[in-house]
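Some notes on the structure that comes next.
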Amino acid sequence: MSVETFEDAPETWRDVAKKAFKNRSFLVGLIITMIIISMALISFVWTPWSVIELDILEKLKKPSLEHWFGTDHFGRDIFSMVMVGARNSIAVALIAVGIGIVIGVPIGSWAAAKGGTFDELLMRSNDVIFAFPALLSAVMITAIFGPGAVNAIIAIGIFNIPVFARLARGAALSIWPREFILAARVAGKGKARITIEHILPNMANLLLVQGTIQFSLGILAEAGLSYVGLGTQPPLPSWGRMLNEAQTMMSFAPHMAIFPGLAIVVTVLGLNLLGDGLRDVLDPRLRRER
Amino acid sequence: MIHYLAKKLIFTALTLWVASMVIFALLEIVPGDPAQLMLGFNASADAVAQLRQQLGLDLPLPVRYFTWISGLLVGDFGVSYTYSVPVSELIGERLWVSLPLAFLALVLSTAIAIPVGIFSASRHGTRTDTSIMAFTQLGIAIPNFWFALLTVYIFAIWLQLVPAGGFPGWEDGLVKGLKSLILPAIALALPQAAILSRVTRSALLDVMGEDYIRTARAKGLSARSVLWQHALRNALIPVLTIMGLQFAFLLAGTIIIENVFYLPGLGRLIFQAITQRDLIVVESVVILLVATVILINLLVDLTYAVVDPRLRHSVGRSTT
C-alpha cells in the first residue's frame, strides 16, 4: 500500500469532528458500532433471559414479542445469546488488533529507522507470514494449542502483526525525509526519540483506520473459528458456534441461523463503514477502494 | 530483467524454505503421539515404540525434516499414519473436489464482478453507482459460511434444486458433480465478487482520469468506445492481480466451506488429519497450500514486471 505524506497545515480536532459528522459512512458506521458495543456492555449486567439456564419446554420457539429472535434447541433466548456473543466477538477481535499494534508498530517503525539488513529481514519475514492463508494458519494454531477464545486471539493476533509492521514501516519511511524530522535530528535527537515523539503521533490516523479494518476482519475470523469448533467454547455463547449449532436445524428452525449471522453482518458492515468514513475524514488522499 | 527475475526466484525459494520449517516446527509441538493414537491407549509400550520406529518418529528432528523435505521435492509426501496410503494419493483424490470448487468460485466471482464493476464505473457518481457500492459493502461483510447456510436453506431445503451436501464423485457424471459444487462455489464467490467489483470499478475510474483518455475523448471518441477500447484493457492489470491472489484465498476458503457442505476435499482432509494427529498429512496439505500462495504471488509479481518496466529497474527502498 502506498502511503502519502501528510497535510502540512495541521487540523484541529474541531475541524476533524465537523468533517466526520458530515460524512455519512462515518456516521452510520459509528452508530452501528456503538449499538453493538452497548449491547455487549449491557449483557454484562442484564440480558432479557438467562443464557445458561435451559428451558426445554420453550425450545425452538419462533420469534415473538416474548423472545424477539426466538429460542434455540435448548430453549435459550437467541436475542440474549446474541448480546452475550457480541462481547466474545468484540473481545477476541479487539485484543487481536491490540496484539498487532503493540508488536507490529514498534517492529515496523524500528525497521524504517534502522534500514539495512534488519529492514530487509523484517520485510522477508513478513512475506513468509503473508504466504500462510490466515484462515488455514488460524485453524492450525487453534488445533495445535487447543480450541478456545485465548488461542483464537493469538491465532488472529499473529496475522495482525505483519499488517501493522508493514503499515508502520511504510508510514515511517514517508515521514522520515520531512523537514520537521530533519530539524529534530539537527537538534540532536536520537532515532528512538524521534520515532516516539514525531513519527508515531504522525501515523496515528493510519493506525486508527487500519485498526478498524483489522477489527472487522477479526470478527469474521473469530466467527469462522467458532463455527468449526475452534473458537469460544461452551457454555459461553458465540455467534460462530450458534451458527454451527443451527446448521442441523436449518429445515425446521431457520431463525437459529438467521439472527447470529445477521449480527455478524451488521457488526462487520458497521466497522467497515466506520473505517471508510475515518479514512475519508482523517486523510482523503489515502482513500482506497477495498 | 534477468537480475529482477533471479532476485524474485531466490526470495521465493527462501520464503518456501522458511515456511516449510515453520510448518514442520509448529506440528512438532502438537500434543499427542501419532503412534499411540494409531494403536490406541491400551497398546503396549513395546508396540508403540516399534511403530514409532517404523514411522521414523524416533529419528532426530533435523533428519526427519530433511527426509520430509527431500521427499516433497520429488513428489513423495510419505504415507498417511491413519489411512496407510501414500499422502500424494490422498491429496490427489481430494484435489479433484477442492480445485474445481476453487476454479468454479473464481469463474463465478469474475463473471459477476467485472460486469458489475464496469457498469458501476460507467455510472460513476449516480444513484445506481452508490447502490451497487452499498451492495458490495454488504457482500464483503457477509461471512461465507453463513451465506452457505442460507443458500442451503433456500435452494436445497426449500426449493430442493440441489443437494444440501456431500459429493457423489465425478464418476456419476459432470452434471451431478457440478450440482454438488454449485452452492459451495456461490458461497465462496460472493465476498470475493464484492471485493473484485470494487477493485474493477476503482481501477477503471483511475484509468479514466488519465491524460491519454482525455486525448482519446478530445479526438472525438465516444465515452463508450473510450471505456471499451482504451480504459478497460489498462484497468484489467490490477484486476488480474487481485484475481490471482483471490484464487489462493479461495483455495484456503474451502477449508470452512467444505465443512458446511460435507465435501471430501482438502479442507475436510486437513480437519480430519488434525483430529487424528495424522501429522504427515497436515504438513503436506499446509505446505501445498502455502506453496500455491507463494507461487501465485511470484506470478503476480512477474506479470507486473512484464507490464510495468519501471518495477524491473526500481532501485532503493520501496514504501510497501
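Order of the sequence lines sets the chain letters (A, B, ...), proteins ahead of strands, with each chain counted from 1.
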Stepwise side-chain hydrogen bond (donor to acceptor under 3.5 Å, both in side chains) test for A/T232 and A/E222: CA-CA 8 Å; A/T232 314; A/E222 193 278 335; 2.9 Å; yes

Verdict with supporting geometry, B/T82 and B/D278, side-chain hydrogen bond (donor to acceptor under 3.5 Å, both in side chains): CA-CA 6 Å; B/T82 35; B/D278 200 345; 2.5 Å; yes

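Heavy-atom distances place the side chain of B/F271, and not its backbone, under 4.5 Å from chain A. Contact annotation for A/I258: both backbone and side-chain heavy atoms come within less than 4.5 Å of a heavy atom of chain B. Proximity to chain B is limited to the side chain of A/L230, based on heavy atoms less than 4.5 angstrom apart. Heavy-atom distances place the side chain of B/I255, and not its backbone, under 4.5 Å from chain A. Contact annotation for B/L16: neither backbone nor side-chain heavy atoms come within less than 4.5 Å of a heavy atom of chain A. Looking at B/V285, neither its backbone nor its side chain comes within 4.5 Å of chain A, counting heavy atoms on both sides.
A side chain to side chain donor-acceptor pair (under 3.5 Å) with A/S216 is found for exactly one of A/T33, A/N272, A/T267, namely A/N272.
When each of B/L251, B/L196, B/I23, B/V293 is checked for heavy-atom pairs under 4.5 Å with chain A, B/V293 comes out on top. Among B/W158, B/F147, B/F11, the residue with the largest count of heavy-atom pairs under 4.5 Å with chain A is B/F11. Listed options B/N259, B/V22, B/L149 were ranked by heavy-atom pairs under 4.5 angstrom with chain A; first place goes to B/L149. Per-residue heavy-atom pair counts under 4.5 Å with chain A were compared for B/L14, B/V260, B/V152, and the maximum is reached by B/V260. Among A/P260, A/A246, A/G240, A/P254, the residue making the largest number of heavy-atom pairs under 4.5 Å with chain B is A/P254.
Inspection of the B/N144 and B/Q192 side chains reveals no N or O donor paired with an N or O acceptor under 3.5 Å.
In this structure, A/R241 is not positioned above the aromatic face of A/Y227 in the sense of NZ or CZ being under 6.0 Å from the six-membered ring centre and within 45° of the axis.
In this structure, B/D129 contributes its side chain and B/G125 its backbone to a donor-acceptor pair below 3.5 Å.
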